[in-house]
Amino acid sequence: MSAVLVIEQVLNGLQAGVMLFLMAAGLTLIFGVMGLINLAHGSLYMVGAFAAAAVSAATGSFLLGLVSALAAAALAGAVVEMLVIRRLYASDHLDQVLATFALILIFSEGTRWLYGSFPLYLDIPAWLSGPTRLPGGILYPTYRLALIAVGLVVALGLWVLIERTRLGIRIRAGENDREMIAALGVDISRLYTLIFALGAALAGLAGALVGAIQSVQVGMGEPVLILAFVVIVIGGIGSIRGAFVGALLVGLTDTLGGIFLPELFKFFTDPATAQSVGASLASMSIYILMSLVLIWRPTGLFGARA
Amino acid sequence: MTEPILETRGLTKRFGALVASDGVSIDLRPGEIHAVIGPNGAGKSTLIGQICGTVIPDEGSVHFQGHDVTDETVAARAGRGLGRTFQVSALAMEDTVLQNTLLGALSASSSPWRLWRSVLNDRDLVARADAALGRVGLSDRRATRCADLSHGQRRQLEVAVALTLSPRAFVMDEPMAGLGAEGSKALTAFLDGLRDKAPILLVEHDMDAVFALADRISVLAEGRILATGTVAEIRADPEVRTAYLGEDA
Amino acid sequence: MSLLALSGLTAFYGSSQALFGVDLTVGEGEVVALMGRNGMGKTTTVRAICRMIVSKGGLTFAGRDLHGLPSHAVARLGIGLVPEGRRCFADLTVRENLVAAARPGPWDEARVGDLFPRLAERRGQRARTLSGGEQQMLAIGRALMTNPRLVILDEATEGLAPLVRAEIWAAVARLKIETGMAILVIDKSVRDLARVSDRAVILERGATVWSGGINELTPAISETYVGV
Amino acid sequence: ATKVGMITTLSGGGAGLGIDVRDGFMLAIKQSGRDDIEVVIEDDQQKPDIAVQLSDKMIQSEKVDVLTGIIWSNLAMAVVPAATGQGVFYLSPNAGPSQLAGAGCSPLYFNVAWQNDNLHEAAGAWANQTGYQNSFILAPNYPAGKDALTGYKRMYEGGLAGELYTELGQTDYAAEIAQIRASGADSVFFFLPGGMGISFLKQYADSGVDLPVIGPAFSFDQGILQAVGAAALGVVNTSQWSKDIDNETNKAFVETFQAEYGRLPSLYASQGFDTANLLISALDKAEPADKEAFQAALEEADFSSTRGDFEFGPNHHPIQDIYAREVIQEGDVFTNKIIGVALEDHADAYAADCKM
Amino acid sequence: MIPERFLNALLLGGLLGVALLADWRDEPFTITLATRATILAIAATGLNLALGLGGLVSLGHAVFFGLGGYAMGILAFHAQTYAPVELGPLAIEGTTSMPLIWVTAIAVSSLAALVIGLLSLRTSGVYFIMITLAFGQMFFYFAVSWSAYGGEDGLSIYVRNGFPGLNTLDPIQFFSLCFVLLCLVLVLWSRLARSPFGLALNAARQVPARVETVGLDPKRLKLAAFVLSGAITGLAGALFADLNRFVSPSMFSWQLSGELIVLVILGGVARLCGPVAGAMLFVALEHWLGGLTEFWHVWLGAILLLIVLFAKGGLVGLLSGRPASHD
Ligand SMILES: Nc1ncnc2c1ncn2[C@@H]1O[C@H](COP(=O)(O)OP(=O)(O)OP(=O)(O)O)[C@@H](O)[C@H]1O
Ligand SMILES: Nc1ncnc2c1ncn2[C@@H]1O[C@H](COP(=O)(O)OP(=O)(O)OP(=O)(O)O)[C@@H](O)[C@H]1O
Ligand SMILES: [Mg+2]
Ligand SMILES: [Mg+2]
């Protein structure tokens with residue numbers, strides 16, 4: 001295995017991680033900061049991808065598609081928050097689980113109702129397609145480089161918002177004691193609608209960006225949702241920094257595990273068995289990673305509380 | 001001199017640069033109430049945490065009834081007969097007052113692993129719980145959900161739960177806090193009678209109660225024991241007056 | 001005209017009634033003590049004022065009917081709450097606790113720091129790890145950061161060392177004199193209340209049973225209603 | 001009247017396939033004009049346990065004579081043995097697991113689509129015809145994936161540059177593509193059904209790796225080609241059916257399907273259509289109640305298939321031509337064009353194990 | 001408003017009644033549905049022990065369900081092929097006897113629950129949800145690639161296993177067997193909830209710190225609840241496998257874990273018959289709505305949503321008029 005290949009795989013892992021971060025960031029905002037388990041986050045990812053696909057198909061512009069993904073997901077998020085989620089802050093996590101599970105059903109089948117059962121088309125814009133030659137002779141898809149860049153910018157922006165602005169402080173205060181922050185004069189309901197929409201928009205952005213290199217189809221959100229949960233739990237709930245580190249860890253483990261574990265097993269068994277044992281282990285690898293992290297640090301890498 | 005029932009030796013606990021306990025050695029003898037007073041943030045709750053096992057000391061040891069319990073769990077220490085009340089009420093909010101009290105009684109009869117028989121059919125247990133509720137004056141609130149109690153009522157319940165344990169020694173973190181003047185008076189009288197059954201290490205800011213009850217007083221400031229002595233000695237100590245009591249005590 | 005006026009206020013927790021008719025006024029710059037035994041409805045009254053619980057009856061602040069307003073709007077009218085049990089934002093630092101509440105006015109971080117130097121020293125520490133007394137100071141500082149016209153102190157000296165308690169009472173007195181802030185105060189120490197308050201209102205089983213000037217509060221009355 | 005039970009996937013992510021099978025099937029029933037065939041349709045949600053319960057329901061309560069409709073091999077494995085065991089005919093419009101073709105075959109079980117390995121074998125054969133020497137092959141890590149690679153290798157005579165099992169449901173193939181790039185292969189064979197194939201092809205097309213790609217039709221059927229878009233152009237895929245197979249039945253089928261449902265038919269639709277026509281042809285000759293006669297009537301396969309020649313082998317699996325198709329663009333629609341025959345009159349590898 | 005005791009009787013009676021009526025009218029499929037609801041209710045009651053009493057939201061209970069299922073699948077498979085199960089030096093004969101299979105299922109799933117519980121209970125809250133999910137996924141992926149027992153395709157067992165004195169292939173007899181087990185499990189649950197153990201567990205859920213200071217170890221209480229819970233769910237898994245005569249990795253899937261949670265919440269958390277109500281409603285909805293429209297998930301979602309928003313305490317809470325989920 002050549003050094004170039006290894007570097008390329010690490011890049012792939014980073015890119016996968018950065019994309020996961022976009023998804024996880026929204027989730028950790030809503031989930032950690034607002035104390036809400038939002039299983040429907042994956043649906044917002046799907047909404048973003050479908051909006052982007054529909055609008056870019058109609059207008060031929062990928063950027064317009066992205067904008068509409070942000071808008072559609074944010075709008076969907078705001079509406080959902082005002083109609084449903086708002087009534088759930090006071091209830092325990094279990095009611096939230098059931099309600100957002102119901103939302104998944106509604107979103108998924110509703111989308112199928114609107115768009116039919118077949119995947120939609122969404123492609124990379126011409127100006128980002130094809131590979132770029134990196135130093136060292138590595139050929140790497142330009143689009144994926146762009147994804148890394150977008151992810152990093154969003155990460156920084158979010159961190160500043162949550163940790164450094166008064167808005168962020170108030171959001172976190174609301175998570176600690178909603179009634180109290182309201183009694184101090186902060187309109188927490190409006191704030192929460194805003195945050196929910198922001199988280200939704202991030203999910204929608206992730207869905208649209210990733211949709212261009214994947215299949216835009218009903219149910220695309222659920223596998224990513226699980227991964228995003230893994231990410232924020234590894235990182236520690238509510239911590240943007242944790243989500244970032246967790247996302248990179250998961251991205252790298254997933255990518256590198258799939259490649260290197262089978263290779264590793266080739267030292268012990270015949271190639272066919274090594275392939276299949278290695279591949280099975282690779283699919284478990286992020287879950288093994290997560291349980292090891294949690295056994296070692298029960299509140300995640302950067303988490304303060306349970 | 002009688003053997004102390006509870007003793008700490010050189011307990012030290014640091015939180016980063018802050019030394020919350022700085023070589024604290026303190027003891028509790030049978031039949032006495034030993035009050036620990038000191039400014040806010042002096043390290044009183046930290047000391048109690050180390051005695052009960054919720055805070056792991058960096059140095060030093062805790063001895064209870066002659067055993068070194070420094071490495072034992074909270075539950076194990078409680079099992080040996082160390083009763084505790086919390087500074088901030090720790091109660092099962094969804095349960096009734098009686099259920100909360102029964103929980104305490106349960107441990108003393110060590111029957112939590114009985115899976116079949118209903119607790120409410122255990123007359124012994126219920127009687128003990130009721131007795132404790134009676135003592136703190138919550139009998140008429142027996143069936144109220146804990147979440148429906150006022151703050152002061154919760155403090156009363158907090159004490160009741162500790163009473164059901166029939167411990168060998170008590171560690172109480174501000175039991176008077178939140179009680180009204182009348183409640184404080186009643187609890188003072190009650191603790192007064194309790195000391196013969198189980199000595200009490202009492203952390204309290206209510207000086208009326210402390211002066212009325214304490215056999216000995218230790219003053220803690222910045223993690224260190226500043227002085228230990230009788231009520232009169234402590235009241236007269238000029239250092240204590242400036243560090244803690246203020247002029248009108 | 002009174003800044004805060006409650007008349008015949010009733011309130012329920014679910015189906016059980018907690019307030020049966022509370023009458024209470026606080027005038028501009030006035031310090032009023034709210035007294036009563038454990039569980040008599042003092043905190044419930046406060047919660048009703050801050051619109052944390054549904055209530056009926058007369059409830060006005062600065063001439064505005066508070067019924068119909070959400071909690072945050074009441075706070076913005078100028079009511080600062082130091083709640084029972086402190087309720088600091090446990091995962092936020094001291095500074096963040098203050099910033100979260102801040103609204104423009106004379107009270108800012110620096111001024112709160114002057115009032116409670118101990119807090120200033122612990123600006124970066126998470127509220128969860130503060131000692132009880134430090135948390136209490138933080139709760140008061142936080143309420144002041146909203147620059148209120150009326151501060152409500154519900155058991156604000158609970159768990160404080162005598163010296164600090166004295167400091168807080170001194171601070172209350174200073175607030176009264178220097179800023180003319182109106183204060184509604186609940187505390188278990190009748191002695192301390194008598195020293196800072198202008199008037200007192202006593203609750204018994206959710207209803208006002210006595211009110212009058214602090215000088216009229218005879219030992220007999222306080223023996224009857226408060227037990228000392 | 002004859003009662004037919006159709007258990008297929010109509011909700012969730014895999015619904016597209018089930019809907020096509022159903023629509024193809026119902027089109028044939030409608031065209032036949034017969035009102036003595038009653039079809040009961042139920043949604044299995046792609047869950048094996050639901051499928052088993054639906055088959056119990058159809059057999060016990062609805063008392064159907066014939067079952068059909070299942071898309072997925074794992075669901076078929078859960079339902080078919082029990083159904084045929086209870087004396088009900090099963091006509092498979094899609095799944096063809098090897099067990100049911102070999103030792104687990106049954107006189108009452110007929111597969112109208114293919115044995116699972118067939119299209120992969122055809123891909124292997126086409127690779128030989130094209131002259132590929134060094135293929136990189138990949139499939140998801142589950143039984144059908146393993147069968148796919150086995151099927152390809154069964155026919156393919158060249159060497160292997162690499163062999164990979166990916167995760168089921170995987171959506172990102174950057175790592176695999178990097179390995180392909182580094183492997184020195186001269187061609188790529190992949191079996192990645194559904195969304196996995198879409199993702200792979202899009203990412204592959206963007207990666208700058210330009211080795212020729214070959215795969216079974218599942219990633220190139222009409223339902224998903226539009227989603228892959230230009231990334232699929234020129235890719236060779238193997239299929240027993242194509243919309244441009246030149247016979248009357250097929251032409252009529254493509255036209256009427258489009259008229260009826262407003263979209264082009266897919267591979268799955270053609271399979272549903274053929275299944276229904278097989279059934280109708282047998283009903284013309286015998287009643288399902290007479291098991292032996294009905295079985296014989298089915299074995300004759302006396303219907304005109306959209307694929308042209310069609311006959312059953314001894315294990316009731318098709319013997320048929322499998323074509324190589326290329327993805328092309330017609331106007332703004334992506335579709336397939338036959339470029340050759342990969343395997344002629346091909347039967348499956350398990351017939352010998354079937355004792356019935 | 002119906003008193004909860006009466007409601008419980010009504011629910012169980014209704015379930016039994018549906019099955020008997022279906023038997024009388026010769027509708028075996030309806031009995032199958034009732035059996036499915038019964039078995040899911042057993043599984044969910046198991047979960048309700050951990051979740052309702054212990055506050056342990058396990059998103060990995062499919063592990064135990066699946067282990068129960070595979071215990072049945074593997075034993076019956078080996079009985080079918082007359083080859084013993086090779087466990088290192090040990091060779092265990094396959095069996096088609098339900099009681100033996102149940103014992104195995106319970107043993108295997110409690111053992112798994114013990115190990116998973118020990119590791120998972122280091123965490124709490126959402127972390128607990130996720131770590132149990134992780135274990136679930138590990139089992140799932142393992143089962144998918146375990147080709148000896150069919151991998152993703154699963155294992156078909158062509159005849160239902162036997163129970164002495166019963167003809168288990170007769171739907172109503174198999175139903176009755178499951179129903180009796182459900183009643184036993186419910187009795188166990190209700191005794192447990194009132195016992196000293198239940199009281200302590202309930203407190204451990206709310207204030208672990210308090211429980212410690214009265215000398216009990218909250219972790220051990222929770223672990224015990226988790227193991228019991230896993231055992232019950234494992235038993236249900238074995239029954240479920242027998243109902244379908246089929247096991248596959250989907251029994252390990254997180255969707256199934258999620259569905260179990262949904263059943264419990266739908267019916268009412270920490271209510272004796274909450275899981276029964278949840279399972280009955282869910283199976284009924286799945287069946288009726290599925291027949292009405294292709295897009296029935298939308299309606300299912302809408303109904304679930306209405307229940308969360310307007311029926312605090314689930315169905316049982318709604319019907320009994322006592323919204324508080326704990327008492
Ligand atoms: N986990 C922690 N991390 C950092 N600092 C801590 C932690 N716990 C306590 N402290 C600090 O240690 C000091 C002692 O705290 P402690 O709670 O023991 O005080 P106390 O004497 O009980 O005060 P009070 O009378 O106000 O309750 C305080 O300054 C507090 O801020
Ligand atoms: N959340 C609640 N739900 C139901 N009843 C409650 C609730 N909170 C308080 N109560 C009841 O209302 C009555 C008044 O309580 P409140 O908290 O106002 O008393 P208080 O005067 O502040 O007492 P304390 O001095 O003990 O704080 C009490 O009898 C209490 O049991
Ligand atoms: Mg303290
Ligand atoms: Mg109060």
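Keep in mind that what you see is a predicted model, and the values were worked out from it rather than measured. So you know, we letter chains A, B, ... as the sequences are listed, proteins then strands, and number each from 1. Scope of the values below: all heavy atoms of this structure, side chains included, with no hydrogens, waters or symmetry mates.
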Sort A:Q15 into side chain, backbone, both or neither according to what part of it lies under 4.5 angstrom from a heavy atom of chain D. side chain
State, yes or no, whether a side-chain contact exists between A:Q214 and D:I198 at a heavy-atom distance under 4.5 Å. no
For chain D, which candidate among A:S129, A:P119, A:P141, A:A212 shows the most heavy-atom pairs at distances under 4.5 Å? A:P119
Please determine whether side-chain contact (heavy atoms from CB on, under 4.5 Å) holds for the pair D:E167 and A:D254, giving the CA-CA distance in whole Å, both sets of side-chain angles, and the decisive distance to 0.1 Å. CA-CA 10 Å; D:E167 193 177 314; A:D254 201 24; 4.0 Å; yes
Applying a strict 4.5 Å limit to non-hydrogen atoms, the region of D:Q226 in contact with chain A is backbone
Using the test side chain to side chain donor-acceptor pair (under 3.5 Å), find all partners of A:Y121 that sit at least two apart in sequence or belong to another chain. A:D123
Which portion of D:V228 sits near chain A, non-hydrogen atoms under 4.5 angstrom: backbone
With chain D, the option among A:N12, A:L11, A:V210 that has the most non-hydrogen atom pairs under 4.5 Å is A:N12
Given the options A:L128, A:L120, A:T255, which has more heavy-atom pairs under 4.5 Å with chain D than any of the others? A:L120
A:S108 versus chain D, the contacting section by heavy-atom distance below 4.5 Å: neither
Using side-chain contact (heavy atoms from CB on, under 4.5 Å), reason through A:I259 and D:Q179 one step at a time and then give a plain yes or no. CA-CA 8 Å; A:I259 299 307; D:Q179 280 196 308; 3.3 Å; yes
Heavy-atom nearest pair, A:I213 first then D:Q203, reads O-NE2, 2.6 Å
Leading residue by heavy atom contact count with chain D [cutoff under 4.5 Å; candidates A:A279, A:G278, A:S215, A:P262]: A:S215
Minimum heavy-atom separation for A:E8 and D:A178, please, with both atom names. OE2-CB, 3.5 Å
Counting distance only, does the side-chain N/O of D:K202 pair as donor-acceptor with the main-chain N or O of A:G211 below 3.5 Å? yes
Going from CG on D:D172 to CG on A:L20, what distance comes out if it is rounded to the nearest 0.5 angstrom? 9.5 Å
Please flag which part of D:A182 lies under 4.5 Å from any non-hydrogen atom of chain A: side chain, backbone, both or neither. side chain
Under 4.5 Å to a heavy atom of chain A? For D:L10 that would be backbone
Ranking D:G208, D:G229, D:A174, D:G197 by heavy-atom pairs under 4.5 Å to chain A gives rank one to D:A174
How many angstroms lie between CD in A:Q217 and OG in D:S199, if you round to the nearest 0.5 Å? 7.5 Å
Considering only heavy atoms from C-beta outward, does the side chain of D:N141 approach that of A:S280 to under 4.5 Å? yes
Heavy-atom distances under 4.5 Å only: say whether D:D206 touches chain A with side chain, backbone, both or neither. both
